[in-house]
Number of protein chains: 2
Amino acid sequence: MIDTQFIPEARAPAPGEPGREAIELAAVLHALSDPVRLQIVAELGDRVEHTCGSIKLPVTKSTCTHHFRVLREAGLIHQRQEGTSRLNSLRSDDLETRFPGLLDTVLRAAALG
Amino acid sequence: MIDTQFIPEARAPAPGEPGREAIELAAVLHALSDPVRLQIVAELGDRVEHTCGSIKLPVTKSTCTHHFRVLREAGLIHQRQEGTSRLNSLRSDDLETRFPGLLDTVLRAAALG
DNA sequence: GCAGATGTACGATGATCGTCGTACAATCGA
DNA sequence: TCGATTGTACGACGATCATCGTACATCTGC
């Protein structure tokens, strides 16, 4: 039995996204292995919520939806509805707790081009 | 024109593996996104040369060859022949130079299970 | 030379992936 | 109410992927 009392900010996962402890490394790395998704995560790296449409991507809307779903199901992003828009944010705290340093290191590597 | 004079240890790449500066982040992450390859890299993390056969994997020899090729073409490992065996080693220095901290962070994350 | 060990090459197969177009649902402003 | 905006659902397509079996190449030891 795992005591969750001392895990900070461990809110219940939204439907369709894994809980903090259920985030799998292979799934995270796979999600980050696509250039489009890497770009999305990089733009979300400012810790600000972005709508899907506010991130300019070289793919159609359908493909965009697909990539955001992959990121959500891998546990990388959180999505919440607001009007007709869907606000996306990086699950920085969950990822930092689960795999310390991973997200920062990848984002720094991505910035190197 | 890039001056390679001050890049330490930048030996010429073996055929079939990318040069240090040609290592692509997406390719590295994709290579690491498979559980079998993640296990290989983890076992190579001791900075010792391992033969393909010395790493016990839940796949056949052919599949093993395939995974080692993916790792090599992504720039993660170096292979050199010795008798009938092929010795594999992690390209730790090249990776550290190209994407600082990435390999260590991923290996630490992999150790968390 | 011959048998064993180590690993590759090649082709096949079923699964997954990235992309798209079309249609649809939900919300907001005029 | 009506049109515009935002994003999803679904199905399709070609490409890539992980896996395997069989055959082959190379080296070592007897």
Side-chain angles (χ1 to χ4, degrees), chain A residues 14-18 24-44 48-90 110, chain B residues 14-18 24-44 48-90 110:
Chain A
E17 69 183 33
E24 300 243 12
L25 179 59
V28 169
L29 295 176
H30 169 252
L32 292 172
S33 71
D34 181 274
V36 174
R37 290 193 292 263
L38 205 48
Q39 179 182 345
I40 294 174
V41 171
E43 303 222 19
L44 257 43
V48 171
E49 286 180 318
H50 291 75
T51 65
C52 300
S54 72
I55 302 179
K56 269 291 155 262
L57 298 170
V59 291
T60 65
K61 275 195 306 176
S62 327
T63 306
C64 194
T65 296
H66 162 71
H67 286 307
F68 276 99
R69 180 172 49 231
V70 172
L71 290 171
R72 171 167 38 84
E73 291 177 350
L76 277 159
I77 67 171
H78 174 72
Q79 298 184 302
R80 73 181 180 89
Q81 200 72 25
E82 178 142 322
T84 75
S85 296
R86 176 158 291 189
L87 294 178
N88 303 278
S89 55
L90 226 42
Chain B
E17 68 184 33
E24 298 243 13
L25 179 59
V28 169
L29 296 177
H30 170 252
L32 292 171
S33 72
D34 182 275
V36 174
R37 291 194 291 264
L38 205 48
Q39 178 182 346
I40 294 174
V41 172
E43 303 222 18
L44 257 43
V48 171
E49 285 180 318
H50 290 74
T51 64
C52 300
S54 72
I55 301 178
K56 270 291 156 261
L57 297 171
V59 291
T60 65
K61 275 196 306 178
S62 327
T63 307
C64 194
T65 296
H66 161 71
H67 286 306
F68 276 98
R69 180 173 51 232
V70 172
L71 289 171
R72 170 169 39 84
E73 291 178 348
L76 277 159
I77 66 170
H78 173 72
Q79 298 183 303
R80 73 182 181 89
Q81 200 72 24
E82 179 141 320
T84 74
S85 295
R86 175 157 291 189
L87 295 177
N88 304 279
S89 56
L90 227 42

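Computed over heavy atoms, backbone and side chain alike; hydrogens, waters and symmetry mates excluded. Note on naming: letters A, B, ... go to the chains in the order of the sequence lines (proteins, then strands), and numbering restarts at 1 for each one.
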Margin query: Less than 3.5 Å apart, any donor N or O on the side chain of A:Glu17 or A:His78 sitting next to an acceptor on the other?
Written below: yes

Next item on the list: Return the value, rounded to whole Å, for the distance between atom CZ of A:Arg86 and atom P of D:dT6.
Entry: 15 Å

Margin query: Test your reading of the model: is there a side-chain donor-acceptor pair from A:Ser85 to the backbone of A:Gln81, 3.5 Å cut-off?
Written below: no

Check: Think A:Ser85 has a side-chain N or O under 4.0 angstrom from the OP1 or OP2 of D:dT6?
Finding: no

Next item on the list: Determine whether the side chains of B:Thr60 and B:Thr63 contain a donor N or O and an acceptor N or O closer than 3.5 Å.
Entry: yes

Notebook entry, point to check: Given side chains that start at C-beta, do those of B:Ile55 and B:Asn88 come closer than 4.5 Å, heavy atoms only?
Noted result: no

Note to self: To the nearest 0.5 Å, what is the distance between CG on B:Leu90 and CD on B:Glu49?
What the structure shows: 11.5 Å

Notebook entry, point to check: Once you round to the nearest 0.5 Å, how far does CZ of A:Arg37 lie from CG of B:Leu29?
Noted result: 11.0 Å

Note to self: Classify B:Thr63 by what it touches in the nucleic acid, base, sugar-phosphate, or nothing, heavy-atom distance under 4.0 Å.
What the structure shows: base

Next item on the list: Please indicate whether B:Glu24 has more than 12 foreign heavy atoms, meaning atoms of other residues, nucleotides or ligands, lying under 6.0 Å from its CD.
Entry: no

Check: Going 5' to 3' along DNA chain C, which nucleotides are the first and last within contact of chain B (any atom under 4.0 Å from a heavy atom)?
Finding: C:dT6 to C:dA9

Next item on the list: Find which nucleotide of DNA chain C each of B:Gln79 and A:Thr84 is nearest to by heavy atoms, and output the residue with the more 5' nucleotide.
Entry: B:Gln79

Notebook entry, point to check: Tell me: CD of B:Gln39 to P of D:dA18, nearest whole Å?
Noted result: 15 Å

Checklist line | Protein-nucleotide distance (B:Arg37, atom CZ; D:dA18, atom C1'), rounded to Å | finding: 8 Å

Notebook entry, point to check: With a cut-off of 6.0 Å (strictly less than), are more than 12 heavy atoms of other residues, nucleotides or ligands near CD of B:Glu73?
Noted result: yes

Notebook entry, point to check: Where along residues 53-61 of chain A does a heavy atom come under 4.0 Å from DNA chain C, residue by residue in number order?
Noted result: A:Val59, A:Thr60

Margin query: Expressed as a whole number of angstroms, how long is the span from A:Arg69:CZ to D:dC10:C1'?
Written below: 10 Å

Note to self: By the 4.0 Å heavy-atom rule, please label B:His67 as base, sugar-phosphate, or nothing.
What the structure shows: sugar-phosphate

Next item on the list: May I have the distance from A:His66 (atom NE2) to D:dT8 (atom C1'), rounded to whole angstrom?
Entry: 14 Å

Notebook entry, point to check: B:Glu82 CD to D:dC27 P: how many Å, rounded?
Noted result: 12 Å

Check: Are A:Asp34 and A:His67 close enough that some pair of their side-chain heavy atoms sits under 4.5 Å apart?
Finding: yes

Note to self: I need the CG-P distance between A:Leu87 and D:dT8, as an integer number of Å.
What the structure shows: 12 Å

